[in-house]
Protein chains: 2
Amino acid sequence: MPRQAAAGTRTQRQRREETERRLLDAAAALVAAGGSRAVTLQEVGRLAGYSRGIVNHMFGTKDALLAALVTEAQQRVGPPQASSPGLGRLRQRVARYIDQISAGDEHARAFLLLWAESVGAAPQLRAMFAERDDLFAREIREDLSAGIADGGIRPGIDAEGVTLALIAVLRGASLHIIIRDAAPDSTARVREAVLACLQRSLEP
Amino acid sequence: MPRQAAAGTRTQRQRREETERRLLDAAAALVAAGGSRAVTLQEVGRLAGYSRGIVNHMFGTKDALLAALVTEAQQRVGPPQASSPGLGRLRQRVARYIDQISAGDEHARAFLLLWAESVGAAPQLRAMFAERDDLFAREIREDLSAGIADGGIRPGIDAEGVTLALIAVLRGASLHIIIRDAAPDSTARVREAVLACLQRSLEP
DNA sequence: TATTACTTGCTGGCTATCACGCAAGTTTCT
DNA sequence: AGAAACTTGCGTGATAGCCAGCAAGTAATA
């Protein structure tokens, strides 16, 4: 058991954790601002308040840093807000997704941008995105199924198709918001349009 | 007026035009396969069947090549299929957009990937994408307006919001198709889901 | 508690790699 | 022959990652 460090100092564990967090934050900010191309060891180190050697020391390689960034962004999503699955929770998901991007969350933006760039990325990263994709789709299908069961959603829908389309619209809208640096009122409009479209598509 | 070249040879104009086309095709293929990061002067030259200096000779800089690629992709979209604006033409647009990506059109894929990467890109490129964006949105709104006028679309919709959402879903779905290398039957399903969603959202 | 041995965090000089683009030279058309 | 298309050699700049060493924290000993 590590002894408590003296006042004004940090334990090795504290140092490491703080460094890791600052590096991930810096990397997220750089990706959000300029894509993965803007992530250089030099810049990450500088923005995090360290030297340019820090990334290699902490993560080994730049790719490992990006992988850690993706992993962290996934875990940040957090538990569902509404307790019970169904149309209500689905609507919450949609609003939350767009609002998070619109609010300027750099980790969420970085995740999305890295996903959009992942065509030429390392297989490891692509696999992580695929996994996240499938999990997201499963969650949405769960809401759809519950909605059909409780009567909030009409039974005739193609759940698989709706799921894919819904994920697509969220990503497309979010990328648009990031790329065009859309104003909050504009993003609110998109959010409402998506919700309205969802409503009419799913209502019995 | 250029004289007819001898058999087996080409006029200078033919040489230049063929070279330009081969370079654009090569660049599109590279972007489609691995994003703009995969586009190096060496690779473009090799894939097009020239030396590594050919891009600088033809376009001056690499950025100019990418700009030309974007310009060309815009012009490739071509005239609308259905003559009269309205819901029918809108549905055609949607189907055509997704089918083009799904069919593996490298220029269309390259355009979309470059758009998705354009966060950190040169202002010139970003402006081109913004312009294309606005034009696309205008075309869709034209269809919506016509549809409302002829009664095919109910008047209560938020045309601006629907337009943005529609563009978003097309881009998100296309990126998904490219990134996950989706099978044709899967893309057909997404296409039908989007069309169905559109139908229910817009029908009177 | 004070000293000493050890571990871990962190730095920055160094090298190898890679890509862009210029400029001079070569081939192909007119 | 002259012009244009195209190639090749070269310089420059950016970046990733290795590694030797310094500094900060931790554990052992007296």
Side-chain angles (χ1 to χ4, degrees), chain A residues 1-24 26-27 30-31 34-69 117 120-122 124-125, chain B residues 1-24 26-27 30-31 34-69 117 120-122 124-125:
Chain A
M1 176 121 181
R3 207 167 29 181
Q4 180 72 30
T9 65
R10 299 164 296 166
T11 65
Q12 295 286 56
R13 187 193 185 98
Q14 283 173 327
R15 290 179 80 186
R16 171 163 276 272
E17 283 174 353
E18 179 180 338
T19 302
E20 182 171 333
R21 193 166 45 74
R22 285 164 70 177
L23 286 178
L24 289 174
L30 288 170
V31 172
S36 69
R37 199 178 170 73
V39 179
T40 66
L41 301 186
Q42 176 105 32
E43 267 305 290
V44 175
R46 194 191 59 75
L47 193 59
Y50 297 88
S51 73
R52 64 187 170 68
I54 188 63
V55 170
N56 283 317
H57 173 66
M58 287 291 292
F59 293 95
T61 68
K62 178 183 163 180
D63 280 352
L65 168 66
L66 292 181
L69 186 60
E117 285 184 21
Q124 181 202 5
L125 260 191
Chain B
M1 177 114 182
R3 206 169 27 179
Q4 180 71 30
T9 67
R10 300 163 296 167
T11 66
Q12 295 287 56
R13 187 195 184 98
Q14 283 173 326
R15 287 179 83 187
R16 174 163 274 271
E17 283 174 351
E18 179 180 337
T19 302
E20 181 172 335
R21 193 167 44 75
R22 285 165 69 178
L23 286 178
L24 289 174
L30 288 170
V31 172
S36 69
R37 200 178 169 75
V39 179
T40 66
L41 301 185
Q42 177 103 29
E43 267 305 289
V44 175
R46 194 191 59 75
L47 192 59
Y50 297 87
S51 72
R52 63 188 168 71
I54 189 63
V55 170
N56 285 315
H57 173 65
M58 288 292 293
F59 294 95
T61 67
K62 177 184 166 180
D63 280 352
L65 168 66
L66 292 180
L69 186 60
E117 285 184 20
Q124 181 200 5
L125 261 191

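Here the structure is a predicted model, which is why all the values come from computation and not from measurement. Proteins come first, then strands; the chains are lettered A, B, ... in the order of their sequence lines, and each starts at number 1.
Dashed line: the shortest gap from a side-chain N or O of T40(B) to OP1 or OP2 of dC18(C) is not under 4.0 Å. For the pair R16(B) and dA5(D), the criterion of a side-chain N or O lying under 4.0 Å from OP1 or OP2 is met.
In this structure E17(B) satisfies the side chain to side chain contact (heavy atoms under 4.5 Å, CB included) test together with R13(B), sequence neighbours excluded.
The side chain of R15(B) has dA5(D) as its nearest neighbour among dG9(C), dG21(C), dA5(D). Distance from the side chain of L41(B) is smallest to dG21(C) among dA24(D), dA16(D), dG21(C).
V39(B) comes within 4.0 angstrom of sugar-phosphate atoms only, judged by non-hydrogen atoms across all strands, and of no base.
dG9(C) atom C1' lies 14 Å from atom CD of Q14(A), rounded to whole Å. Between the C1' atom of dG25(D) and the CD atom of E17(A) lies a distance of 15 Å, rounded to the nearest Å.
Rounding to the nearest 0.5 angstrom, the gap separating the CG atom in L23(B) from the CZ atom in F59(B) is 5.5 Å.
For the segment residues 46-55 of chain A, the set of residues with a heavy atom within less than 4.0 Å of an atom of DNA chain C comprises Y50(A), S51(A), R52(A), G53(A), I54(A), in numerical order.
Using a 4.0 Å cut-off between charged nitrogen and carboxylate oxygen, E18(A) and R21(A) do not count as a salt-bridge pair.
The backbone N or O of S36(B) sits less than 3.5 Å from a side-chain atom of E117(B), completing a donor-acceptor pair. A donor-acceptor pair under 3.5 Å is absent between the side-chain atoms of R10(A) and the main chain of R15(A), judged by distance alone.
Between Q12(B) and T61(B), the residue anchored closer to the 5' end of DNA chain C is T61(B), taking for each the nucleotide with the nearest heavy atom.
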Report task. Start with the C-alpha gap between Y50(A) and H57(A), add the side-chain angles, then the distance that decides, and say whether side-chain contact (heavy atoms from CB on, under 4.5 Å) holds. Result -> CA-CA 11 Å; Y50(A) 297 88; H57(A) 173 66; over 6 Å; no
